[in-house]
Amino acid sequence: SVVLHWKILGVLMVGPYGDWLRFPYEGEENLYIIPEIDCCRVVTNNRIEMLQRVPPATAELFRIGSIEPSAMLLDASDDFEKGSPSSDEAARAITKTGMLGEAIITCTEAATREFDVKTQKRLLRAASYGMHFSYKDGDAILGGPLAGSSAESGIRPTTEASTFVASARKIRVMNALRDSKVGLVLTSSQYD
């Protein structure tokens, strides 16, 4: 995408296929567009905003009518929060397709790229809910060694569990940096 600024028009973002979005900034005397690794910052006298393409994981999850496994896992998690018994069936259906691991990773990745804390929590809850269904057999322990077992038994957390924990830590740090007292807004790519 190309981002342009005209005093009369505001900020105009033009995509690679000619589609465009206009962001009016009326009454702003000074406006600067600063390029970043995965977005651009729009700095005015009164505020700083980030202009970013919707990440693919987020688009996959929140697209209207999406039948991607991650979107189905998010719906199942929301149903579980509401107390619906159909949530269990939906999660098991994703497990049968063999796409549960991918759905968990997508929910976790989307949470790291989200700025809204409520949405972050919702996505992490969905990933956590999916991990409850990811047990394959007695040898695949999700969270590490069982109580009373030795650390040398070779039981390790799954990739999904490790990614989930690392992402939760990352989100905690990024949200602390985004706090208004600190004021350092970073995207997930910038943090990495």
Side-chain angles (χ1 to χ4, degrees), residues 1-66 68-71 73-75 77-78 81 102-131 159-192:
S1 293
V2 177
V3 180
L4 310 162
H5 171 248
W6 281 281
K7 287 194 182 253
I8 299 169
L9 192 62
V11 174
L12 184 70
M13 182 168 64
V14 182
Y17 303 108
D19 47 341
W20 55 273
L21 289 170
R22 180 178 168 259
F23 302 92
Y25 283 90
E26 296 166 2
E28 297 290 347
E29 287 183 29
N30 298 314
L31 188 138
Y32 303 96
I33 299 174
I34 303 169
E36 301 279 352
I37 189 169
D38 62 341
C39 64
C40 65
R41 292 181 196 260
V42 179
V43 180
T44 67
N45 289 343
N46 302 319
R47 63 184 185 253
I48 298 174
E49 295 178 345
M50 295 185 86
L51 187 58
Q52 179 183 34
R53 180 178 183 218
V54 176
T58 305
E60 180 179 305
L61 275 161
F62 294 113
R63 186 176 297 126
I64 295 174
S66 177
E68 296 293 329
S70 54
L73 179 60
L74 182 61
D75 289 341
S77 174
D78 289 345
E81 293 289 324
E102 179 184 320
I104 293 168
I105 295 292
T106 302
C107 286
T108 306
E109 181 184 333
T112 63
R113 301 197 181 280
E114 184 61 45
F115 286 87
D116 181 51
V117 175
K118 286 183 181 180
T119 306
Q120 288 172 346
K121 288 179 180 179
R122 181 178 171 217
L123 292 168
L124 288 176
R125 271 195 307 270
S128 175
Y129 179 71
M131 284 192 287
T159 303
E160 292 86 5
S162 298
T163 303
F164 180 84
V165 171
S167 296
R169 287 182 182 149
K170 180 180 182 179
I171 289 169
R172 190 178 309 138
V173 171
M174 288 192 313
N175 285 342
L177 290 172
R178 290 174 184 159
D179 187 277
S180 60
K181 295 174 188 167
V182 178
L184 180 62
V185 179
L186 293 178
T187 65
S188 181
S189 297
Q190 291 169 340
Y191 178 84
D192 292 337

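- The heavy-atom pair separating Lys170 from Asp192 by the smallest distance is NZ-OD1, 2.9 Å.
- The side-chain heavy atoms of Ile171 and Leu124, taken from C-beta on, include a pair separated by under 4.5 Å.
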Go through Phe115 and Met50 one step at a time and tell me if the side-chain contact (heavy atoms from CB on, under 4.5 Å) criterion holds.
-> CA-CA 10 Å; Phe115 286 87; Met50 295 185 86; 3.9 Å; yes

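- Atom-to-atom distance recorded for Leu51:CG and Phe23:CZ is 4.5 Å, nearest 0.5 angstrom.
- Counted within 6.0 Å of CZ on Arg53, heavy atoms from surrounding residues, nucleotides or ligands total 12 or fewer; the atom is thus considered open.
- Within the 4.5 Å cutoff, side-chain heavy atoms of Arg169 are placed close to those of Val165.
- Summarising the local packing, CG of Leu184 is surrounded by more than 12 heavy atoms from other residues, nucleotides or ligands at distances under 6.0 Å.
- Rounded to the nearest 0.5 angstrom, Arg63 CZ and Thr58 OG1 are separated by 11.0 Å.
- Taking CE from Met174 and OG from Ser167, the interatomic distance works out to 8.5 Å, rounded to the nearest 0.5 Å.
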Check against side-chain contact (heavy atoms from CB on, under 4.5 Å), Gln190 and Cys39 | CA-CA 10 Å; Gln190 291 169 340; Cys39 64; 4.0 Å; yes

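- When all heavy atoms are compared, the tightest approach of Leu74 to Ala126 is CD1-CB, 3.8 Å.
- Proximity of a side-chain donor or acceptor of Thr112 to a complementary backbone N or O of Glu109 within less than 3.5 Å is detected.
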Report the C-alpha separation of Val11 and Ile33 in whole Å, then their side-chain angles, then the decisive distance to 0.1 Å, and conclude whether the side-chain contact (heavy atoms from CB on, under 4.5 Å) test is met.
-> CA-CA 9 Å; Val11 174; Ile33 299 174; 4.3 Å; yes

Test side-chain contact (heavy atoms from CB on, under 4.5 Å) on Val42 and Val3 and set out the steps.
-> CA-CA 10 Å; Val42 179; Val3 180; 5.9 Å; no

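- Residues Cys40 and Pro35 share a closest heavy-atom pair of CB-CA, 4.2 Å.
- Residue pairs satisfying the side chain to side chain donor-acceptor pair (under 3.5 Å) criterion with at least one member in residues 118-131, sequence neighbours excluded, are listed as follows: Asp78-Arg122, Ser87-Tyr129, Asp116-Thr119, Gln120-Asn175.
- Looking at every heavy atom in both residues, Thr108 comes nearest to Phe164 through CG2-CA, 3.9 Å.
- More than 12 heavy atoms of other residues, nucleotides or ligands shown are found within 6.0 angstrom of CG on Leu177.
- Side chain of Ser66 to main chain of Glu60: a donor-acceptor pair is present (N/O by atom type, distance under 3.5 Å, no hydrogens or angles).
- Atom CG of Asn45 sits about 9.0 Å away from atom CG of Leu31, to the nearest 0.5 Å.
- Shortest non-hydrogen contact noted between Glu29 and Lys7 is O-NZ, 3.5 Å.
- The minimum heavy-atom distance linking Val2 with Leu4 is given by the pair CG1-CD2, 3.8 Å.
- With values rounded to the nearest 0.5 angstrom, Leu123 atom CG is found 4.5 Å from Phe62 atom CZ.
- The backbone N or O of Leu9 lies less than 3.5 Å from a partner atom in the side chain of Arg22, making a donor-acceptor pair.
- Separating the SG atom in Cys107 from the CD atom in Glu160 is a distance of 11.5 Å, to the nearest 0.5 Å.
- Judged by distance alone, with hydrogens and angles left aside, the side-chain atoms of Thr106 form a donor-acceptor pair with the main-chain N or O of Glu102 at under 3.5 Å.
- Arg113 has its side chain out of reach of Thr187: every pair of non-hydrogen atoms, C-beta onward, lies at least 4.5 Å apart.
- Using a 4.5 Å heavy-atom cutoff, the side chains of Leu61 and Glu68 are not in contact.
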